[in-house]
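In the text below, chain A, chain B and the rest are named by the order of the sequence lines, each starting its count at 1.
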Amino acid sequence: MHRVALAAQASSPDGRPRRTGALAGRACSPHGPRGRASRGPLGALRAPRWALGVLADALDGFGPGRGQARAQVGGRPLTSRQSFRYPPPAMKLKAVQPEVHFPALEERVLQSWDATGAFQRSIDERPESESYVFYDGPPFATGKPHYGHFVASVLKDIVPRYWAMKGKRVERRWGWDCHGLPVENETQKDLGLVSKADVDKLGIEKFNEACRGIVLRYTEEWKGTIRRLGRWVDHDRGYKTMDADFMESVWWVFSKLWQDGRIYEGYRVQPVSPALGTPLSNFEVALGPQERDPVTKKEGHKRRQDPSLTVRFALEDEEASLWAWTTTPWTLPSNLALAVNPGTEYVKVRVVETGEVAYLEPSRLADYQARGRVGETEELERLPGSALVGRPYRPLLPYFKEHAEPVNGKRPAFYVVAAEYVETTSGTGIVHQAPAFGEDDFQTGKDNDLPLVNPLSLTGHFDATVPDFEGQFAKDADKAIMAKLKDQGSVVDQDTFVHPYPHCYRTGVPLLYMAISTWFMKVEELRDQLVANNEQTHWVPQAVGTGRFGNWLAAARDWNLSRNRFWGTPLPIWRCDENPDEMVCVGSRKELAELCGMAESELVDLHRDKIDGLTFPSKSTPGGTMRRIPEVFDCWFESGSMPYAEHHYPFENKASVEANLPAEFIAEGLDQTRGWFYTLTVLSTALFGRPAFKNVIVNGMVLAEDGAKMSKSKQNFPDPNGVLERLGADALRIYLASSPVVNAKPLRFSEAGVQDHVRSVMLPLWNAYSFLTRYANVDGWEPDGVAPDPGVNELDGWVLSRLQTLLSEVEERMAAYELFRVIPALLGFIDDLTNWYIRRSRRRFWRGADDGDDGGDKLNAYRTLHHVLLEVSKALAPFLPFITEEMYGNLAAPLPGGARDSVHLEDYPVANAAFVDAGLEARMQLARTAVGLGRGLRAKHDVRTRQPLPSMTVVLADADSRAGMERMIDIVRDELNVKEVHVQADEGEFVTYSARPNLKLLGPKFGKEIGKIKAEALALASDDLARVVAGGSIPSASIDGLVYDSDSLLVDRASKEGTVVDTLDGVTVALDVTLTEELIVEGLARELVTRIQNLRKETGLELDDRIEVTASCDGPLADALVAHWELIAGEVLAKGACPDPSASVDASAVGASAFDIDGAEITLRVKKV
RNA sequence: GGGCCUGUAGCUCAGUUGGUUAGAGCGUUCGCCUGAUAAGCGAGAGGUCAGAGGUUCGAAUCCUCUCAGGCCCA
């Protein structure tokens, strides 16, 4: 071992490690000179134990004092504010009390990190050739950090810390998402601007200035909270999506796509708020007023009453009409087609009263008739919808009638089209189509190559193409349109209709759906490549990648990446005002400056207010001026560009960015599957033909304790900073990291859950650490760097072996990014360490000097526990960065090599095969099973553990197991407080056997006969089964080819009546509970020991205080006191001769108390001597 | 409306080729142990595996439908 070698060389004749020797050893470590050099030549700098308060107190008076620190640590100058105290040349472990306040400890560790520059050094000290690329998905700083961010941050900290300790150079740069609707909304609210027109009135410059002012509103809160959480991330060199360099890279990305022919202009039907004069995002639509449907009781859009109009369209090729239904009369001027479902049956009827001939769907006709809207009819013909497709009809209104004139022999509009979406649950089964005003209409229009006409402005007013209603607001025009149609005899029926309908979340007016010009990136043609690239990505959990994300990629649609907004990266497209087909896509500041005849240095900001005014003359259209189109980017485009833009690629860092694609690791929430994960993948595939990241951990959503979303108004979650202050970051981290969220499942956050982890993880770990340091102090043991010997004591060998198993497991699972499998292994080890190793080893540590030669057992116990805790502190460091820092600093400082300035600068421990002993782990497991059974038997038969019992018998059929158990006898005997432990093979005298068929094995073979086999197996006699257990077999009486043996049967054991026996996993334990007078008295003596120990504790005595005991009792208790005084005195560190039981003791005195033991009274008093 | 996910003890969750009596932790009751421990150990109580139907010798597990919740898309 590394440390052993160093220690051997570095120890001086007096046994004290020599620091200079150790330093020399370190200086040629493989980590390169940078970090080493900063340590300086002074031995005293070896282990600056900085400002850990507890420690500082312990070290007062040692080394150069406060204020003398003038060296540099981690390349950062130390200021005089930072109090540095150096360790003495060689020192003992600091004794640590079991009482601890983790949040305070964490604050001290945070200060130490600042002082030592540990974070930067954890990067700098790793070679550049070992680069490990991590991308940070940027959050908005318009809100404060909450638990969802905590989860992502914990993952984004654990993984990079781990790989840094594994020798990787992991840059961790923070990112801020600065653009997007949430920011604009927030600003509009602040400025009291309701509509887009209000923004125009104010001016983009002022508006954008206001946006800039608020996007970083909470950055200080973020920095503070993320720091407090223990996440190491570089804010100083982070990126902001609003930086000109970042935006310029986004331009480059777009221009590359443009050059590759991946960008096109198209239309898309979007919800528009006429009052705001702007399209809304789906997110904003969802914010609109909600209402519960009175029938279905479901929450949905607010309901409103609209006209319900049935209109007749006259066919051109027949004296008949098509009846169509609409709730939006204002779209009728824009009608261009009628849609039928080709698979539905339609009917042609003559209305008896009027003689009119009409087509519609028969069940709908019946509905009209039932409501008395249409009189009696005579059926003329039945025909499928497909038979109507293509038939021309006369334009209902004249405004766009030119589209009825054939172009190149084809009629552009005003004919019947087929559409699968047409249903027969309402209307007439024939649907009026205005392609500009509905998603379905638009799609049908596209499928049939219909023209797109839109006579409405964004504020919903008719323009001059519809002169009859010019200037009228669409909804207001409904009445006039209906009147006109009535006049010309086109109305079949007029009614009203109540339905849920989306309304504007800001103004409350009903939204209009209309086709808006937008810019698309062609993604559909990339589908196969996207899917192929995704297959190279390791998803955790895997199902997200193959399922949700994979499906999404396979069905990817062209990406609408423009937004009609103000505060974002402008689309770099300049278009000729004379010839709209002439466009220039600008890919850099330099290019734009040249086009506009200005200096590049004048382009310091690329936001709309700075560049919208920049124009240049057209090259191909005389007199034309090139002006920028008004749209900005979907801010997801910026997030997806972040791998390039954060480095200002390709304008700077070209080679390093290209060398480091794709990223090694990213982590975000499940909600990002179609957000960041998607945009990263699309852009990386389009630009570089490869995936954007190799490994990704997807975390689930954090819900409130009540299972609902966390909501400020409901107040259903505790303040995040409060939890950190009360319980600490380590506990919060381990709570989150060991919860279902790290496997993409939802977590109901509860502070009590965090508290649980303080109790079940933090405190046991701390107590193990405290145990070692306190006894080491009492004993004067100092860490000597000598490797523990696994052969001295089975317990040491066992815990060392378990540690190696743990390290291998962690390595394998971290390589697979399966944190949900790492944490339980770590926690399981802590449990083994504290509740078995230390529990069983306690006595080894308090063996007194006069107990004689222990063959080095105590020394090895110290070395083992110290070694294990030190390794554990490193192994847990990525997960619990604070407590491990404290432990490591104390545990490593006295070693010949000293401690590094931070555990996070250490190398991650690697499993040492020399310590692995599978046989030992197996037989220890047997021992623990036997002990568990024995304790259960004691409880069942009401014999407490303090009562010694004459013997127990462990029965094991397997010879290897018996041999293993023989070596565990001391441990089992001691733990169970029995005088003798016997191991034997034959369990016949203790148990009876019964058997069940092994269905997994027999099921597939015997199928339907299983019922019979079950009955037969259950009927097998215990004596016969004994032969099976011994390796024999019994042929089945009724089933051919079936033989009962130890494979085909599962044999159960039951203890025989009247015995004290239990059995589990093939281990049978029998307890002899015969009590003799002698054993009873000895048991009482142990009762006395416990009572006196408790008194010691209550009285606040130190571990090694010697005491004087006085007692008042009679009967068996007095016998026990006298007979076993030597034992008692040894256990409780009592001095002097046996106290006289007949003395009188004042139970109310300090250190005194009266007890009742099995009905006998005793008063005891302890006093320090 | 569509895609994906979740629903198992009071709570948080395990439960993979379908296999017998469905587990763990927390909480709870009783008992035990304790020179580190706020910890630990043993026993008990606690389950229509969301519901219905199907496949099968056998279903928490596979299939279909329904209900409730979540994320995303429309």
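B:A22 sits 9 Å from B:A60 when the P atoms are compared, rounded to a whole Å. Between B:A14 and B:U6, the distance separating the two P atoms is 9 Å to the nearest Å. Distance noted for atom C1' between B:G25 and B:C41: 15 Å (whole Å). When the C1' atom is used for both B:C63 and B:U55, the distance is 7 Å, rounded to whole Å. B:A50 and B:G69: their C1' atoms are spaced 11 Å apart (whole Å). Atom C1' of B:U8 sits at a distance of 12 Å from the matching atom of B:U48, rounded to the whole Å. Distance noted for atom P between B:G7 and B:A43: 29 Å (whole Å). A gap of 14 Å separates the P atoms of B:C49 and B:G23, to the nearest Å.
The separation between A:R840 atom CZ and B:U37 atom P is 17 Å, rounded to whole Å. Rounded to whole Å, the distance from CZ on A:R842 to C1' on B:C41 is 12 Å. Straight-line distance from the CD atom of A:Q97 to the C1' atom of B:A36: 10 Å, rounded to whole Å. Rounded to whole Å, the distance from CG on A:L765 to C1' on B:G40 is 16 Å. Rounded to whole angstrom, the span from the CZ atom of A:F677 across to the C1' atom of B:C71 amounts to 12 Å. Between the P atom of B:C4 and the CH2 atom of A:W539 lies a distance of 16 Å, rounded to the nearest Å. If you measure from atom CG of A:L827 to atom C1' of B:A24, you get 13 Å, rounded to the nearest angstrom. Look at CD1 on A:I838: it is 16 Å from P on B:A39, rounded to the nearest Å.
For A:Y769 and A:W766, the distance between ring centers is under 6.0 angstrom. A distance of 6.0 Å or more separates the ring centres of A:F437 and A:F442. Between A:F520 and A:W559, a ring centre-to-centre spacing not shorter than 6.0 Å is recorded.
Between the CG atom of A:L869 and the CD1 atom of A:I838 there is a distance of 6.0 Å, given to the nearest 0.5 Å.
At a threshold of 4.0 angstrom between heavy atoms, the contacts of A:N998 include nucleobase atoms, whether or not backbone atoms are also involved. As judged by a 4.0 angstrom heavy-atom cut-off over every strand, A:L772 is placed among residues making no nucleic acid contact. Using a 4.0 Å heavy-atom criterion, one finds that A:T834 contacts the bases of the nucleic acid, with or without backbone contacts as well. When heavy atoms are screened at a 4.0 angstrom cut-off, A:F549 is found touching no nucleic acid atom at all.
The partner of B:C67, taking Watson-Crick or G-U wobble pairs whose two distances both stay under 3.5 Å, is B:G7. With both pairing distances under 3.5 Å, B:A24 is matched to B:U12 as a Watson-Crick or G-U wobble pair. The partner of B:A36 is absent, by the rule that a Watson-Crick or G-U pair needs both atom distances under 3.5 Å.
Each of B:A74, B:A36, B:U21 was ranked by its minimum atom distance to the side chain of A:R996; first place goes to B:U21. Each of B:C73, B:U20, B:G40 was ranked by its minimum atom distance to the side chain of A:N835; first place goes to B:G40. Checking B:C73, B:U37, B:C26 against the side-chain heavy atoms of A:N767 singles out B:U37 as nearest. Among the nucleotides B:A74, B:A36, B:G27, the one closest to the side chain of A:R759 is B:G27.
Judged by closest nucleotide on RNA chain B, A:R1096 is the one of A:P764 and A:R1096 placed further toward the 5' end. Comparing A:A768 and A:V931 by the nucleotide of RNA chain B that holds the closest heavy atom to each, the one mapping nearer the 5' end is A:A768.
In this structure, A:Y775 reaches the B:A36 phosphate: one of its side-chain N or O atoms is under 4.0 Å from OP1 or OP2. The side chain of A:R557 places no N or O atom within less than 4.0 Å of a non-bridging phosphate oxygen (OP1 or OP2) of B:G3.
In terms of heavy atoms, A:Y775 sits closest to A:Y862 at O-OH, 2.9 Å. Between A:L1127 and A:A1085, the closest heavy-atom pair is CD2-CB, 4.5 Å.
With A:R996 contributing its side chain and A:L1049 its backbone, the two residues share no donor-acceptor pair below 3.5 Å.
One cannot find a donor-acceptor pair under 3.5 Å joining the base of B:U37 and the side-chain atoms of A:R839.
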